[in-house]
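Keep in mind it's a predicted model, so treat the numbers as computed, not measured.
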Amino acid sequence: MGLLNFMTTLPVNVCFLQASFRPPRAIRGGIPICFPQLKSTASLEQYGFARNRIWSIDLDPPPSPSDISHKAFVDLILTHSEEDMKIWPHRYDCRLRVALGPTGDLMLTSRIRNTNTDGKSFTFRFAYQTYFFVTDISEVRVEGLETLDYLDNLKNGERFTEQEDAITFESEVDKVYLSTPTKIAILDHERKRTFELRKDGLPDAVVWNPWDKKAKSMADFGDNEYMHMLCVEAACVEEPITLKPGEEWKGRQEISAVPSSYCSEQLDPRRLLLSG
């Protein structure tokens, strides 16, 4: 398994025409796995190293629970390497299950275990950096994050409270919404389609679109590709996760696409968020 970046048959992901597929550069698009950090530090690359490492396939994975309909799945495993320990001195096991439901729903389940033998705990942050394909970003609404506090990365991480009844897009957005609900709806009006994102173990949600000026400054991003993408990431940002030796953390994200017609008021976003 090469660089970890998922492109699925579900009409969700976008891969950018100028994306680089040459290691060690991260691939722009799909669902990069961000671990053990989300921003650059002196020793670690931006968004951590997991998305740029070689993962192995578990040829004898544990069975799926009998009450889960996602029967088609693959388990991927990443463990510490001597090179990684030079920049992040911890031993860990990271297991990622990628599962598809009978109607095309995509479920990602991550388990991270501290396998340190020196008695040391470690702390990390995590995100599924999901790039959604949208028809026209100016016609997209994100429901489920209204009234919540957020950190605005365009204003040095200053904390605000969302005042709008939905998130819409007219300029660059880079926000971290805190203590978010387990369900978020992304309404693509032009295509009359709604993405429903469900999550567990990941309390925050990152919403990002670079808009035109920043898109032009990014070598792996087409000048106009910002119009057809939106990142909504299930994440753990504000409060990092700490694991003692032997402890395990579990996080999950599920995405489904459903037809909708918000403009004709056939879809009530709040009803969607409360369903299931």
Side-chain angles (χ1 to χ4, degrees), residues 6 12 31-41 44 46-48 50-51 88 90 92 94-99 105-114 121-132 141-167 173-187 194-209 230-244 247-256 269-270 272-276:
F6 294 103
V12 173
I31 309 179
I33 306 299
C34 300
F35 166 82
Q37 69 170 25
L38 302 183
K39 293 295 182 182
S40 297
T41 67
L44 292 177
Q46 189 177 27
Y47 302 110
R51 63 180 185 166
W88 199 65
H90 299 291
Y92 66 90
C94 181
R95 176 181 293 268
L96 175 67
R97 174 162 293 187
V98 184
D105 297 355
L106 172 67
M107 180 184 288
L108 304 178
T109 305
S110 293
R111 297 177 182 271
I112 296 172
R113 178 178 292 276
N114 182 339
S121 301
F122 63 65
T123 298
F124 65 94
R125 289 178 169 86
F126 186 95
Y128 294 116
Q129 193 179 33
T130 306
Y131 286 84
F132 288 92
R141 292 166 61 96
V142 177
E143 300 276 357
L145 303 177
E146 54 275 7
T147 75
L148 298 182
D149 285 357
Y150 65 87
L151 307 178
D152 193 337
N153 289 326
L154 302 181
K155 298 181 179 179
N156 298 315
E158 190 174 348
R159 191 180 187 115
F160 299 92
T161 299
E162 182 60 63
Q163 302 296 323
E164 303 297 330
D165 61 358
I167 301 172
V173 174
D174 189 355
K175 298 177 179 179
V176 180
Y177 287 84
L178 309 174
S179 301
T180 58
T182 58
K183 301 177 187 178
I184 301 171
I186 302 156
L187 287 71
T194 294
F195 297 118
E196 181 179 310
L197 187 154
R198 302 169 182 255
K199 60 188 180 67
D200 291 310
L202 295 160
D204 306 320
V206 180
V207 179
W208 177 70
N209 183 287
L230 174 64
C231 272
V232 179
E233 310 170 23
C236 181
V237 180
E238 184 181 36
E239 296 292 337
I241 301 157
T242 298
L243 295 179
K244 298 177 182 178
E247 288 186 336
E248 182 182 82
W249 167 84
K250 177 182 176 181
R252 182 181 69 88
Q253 170 180 282
E254 184 173 4
I255 301 171
S256 57
R270 290 170 180 79
L272 173 67
L273 291 167
L274 293 172
S275 66

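- Every residue meeting the ring-ring contact (aromatic ring centres under 6.0 Å, His included) condition with Phe35, not counting sequence neighbours, appears here in chain and number order: Trp88, Tyr92, Phe124.
- For the atom pair CG of Asn156 and CG of Leu151, the computed distance is 11.5 Å after rounding to the nearest 0.5 Å.
- Asp105 and Ser256 make their closest contact through OD1-CB, 3.2 Å (heavy atoms, listed as atom of the first residue, atom of the second, distance).
- Screening Arg252, Arg97, Gln253 against Met107 for a side chain to side chain contact (heavy atoms under 4.5 Å, CB included) leaves a single residue, Arg252.
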As a quick check of understanding, evaluate salt bridge (Lys or Arg N to Asp or Glu O under 4.0 Å) for Glu196 and Arg198, giving each step before the final call. CA-CA 7 Å; Glu196 181 179 310; Arg198 302 169 182 255; 2.4 Å; yes
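- Of the possible donor and acceptor atoms, none in the side chain of Thr161 sits under 3.5 Å from a partner among the backbone N and O of Asp149.
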Hey, mind stepping through Val207 and Leu230 against side chain to side chain contact (heavy atoms under 4.5 Å, CB included) and telling me if it holds? CA-CA 7 Å; Val207 179; Leu230 174 64; 4.2 Å; yes
Do Arg113 and Leu243 pass the side chain to side chain contact (heavy atoms under 4.5 Å, CB included) test, and can you show the C-alpha distance, the side-chain angles, and the key distance before you say yes or no? CA-CA 8 Å; Arg113 178 178 292 276; Leu243 295 179; 5.8 Å; no
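- Remark: Lys155 is positioned above the aromatic ring of Phe160, its terminal NZ or CZ atom under 6.0 angstrom from the ring centre and at most 45 degrees off the axis.
- Residues Asn114 and Ser121 share a closest heavy-atom pair of ND2-CA, 3.7 Å.
- A salt bridge is absent between Glu248 and Lys250: the closest approach of a Lys/Arg side-chain nitrogen to an acidic carboxylate oxygen does not fall below 4.0 angstrom.
- Counting all heavy atoms, side chain and backbone alike, Asp204 lies closest to Glu238 at OD2-N, 3.1 Å.
- Distance check, rounded to the nearest 0.5 Å: CD of Gln129 to CG of Leu38 gives 8.5 Å.
- The distance from the CD atom of Glu233 to the CZ atom of Phe132 is 10.0 Å, given to the nearest 0.5 Å.
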Between Phe126 and Ile33, does a side chain to side chain contact (heavy atoms under 4.5 Å, CB included) hold up when you go through it step by step? CA-CA 8 Å; Phe126 186 95; Ile33 306 299; 3.8 Å; yes
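- For the atom pair NZ of Lys175 and CD of Glu162, the computed distance is 5.0 Å after rounding to the nearest 0.5 Å.
- The shortest non-hydrogen separation linking Glu143 to Asp165 is OE1-O, 3.4 Å.
- In this structure, Glu239 has no side-chain contact (heavy atoms from CB on, under 4.5 Å) partners at least two apart in sequence or on a different chain.
- In this structure a side-chain-to-backbone donor-acceptor pair under 3.5 Å is missing from Glu164 to Ala166.
- Using bins of under 30°, 30° to 60° and over 60° for the plane-to-plane angle, the ring pair Trp208/Tyr131 lands in the perpendicular bin.
- Heavy-atom minimum distance, Cys236 versus Ile241: SG-CG1, 3.6 Å.
- Interatomic distance, CD1 of Ile167 versus CG of Asn209, reported as 12.0 Å (0.5 Å rounding).
- Partners of Thr123 by side-chain contact (heavy atoms from CB on, under 4.5 Å), not counting sequence neighbours, listed by chain and number: Pro240, Thr242.
- Distance alone, capped at 3.5 Å, is enough to place a donor-acceptor pair between the Asp152 side chain and the Leu154 backbone.
- Nearest heavy atoms, Leu148 versus Gly144: CD1-O, 4.1 Å.
- To the nearest 0.5 angstrom, Tyr128 atom OH is 9.0 Å from Ile31 atom CD1.
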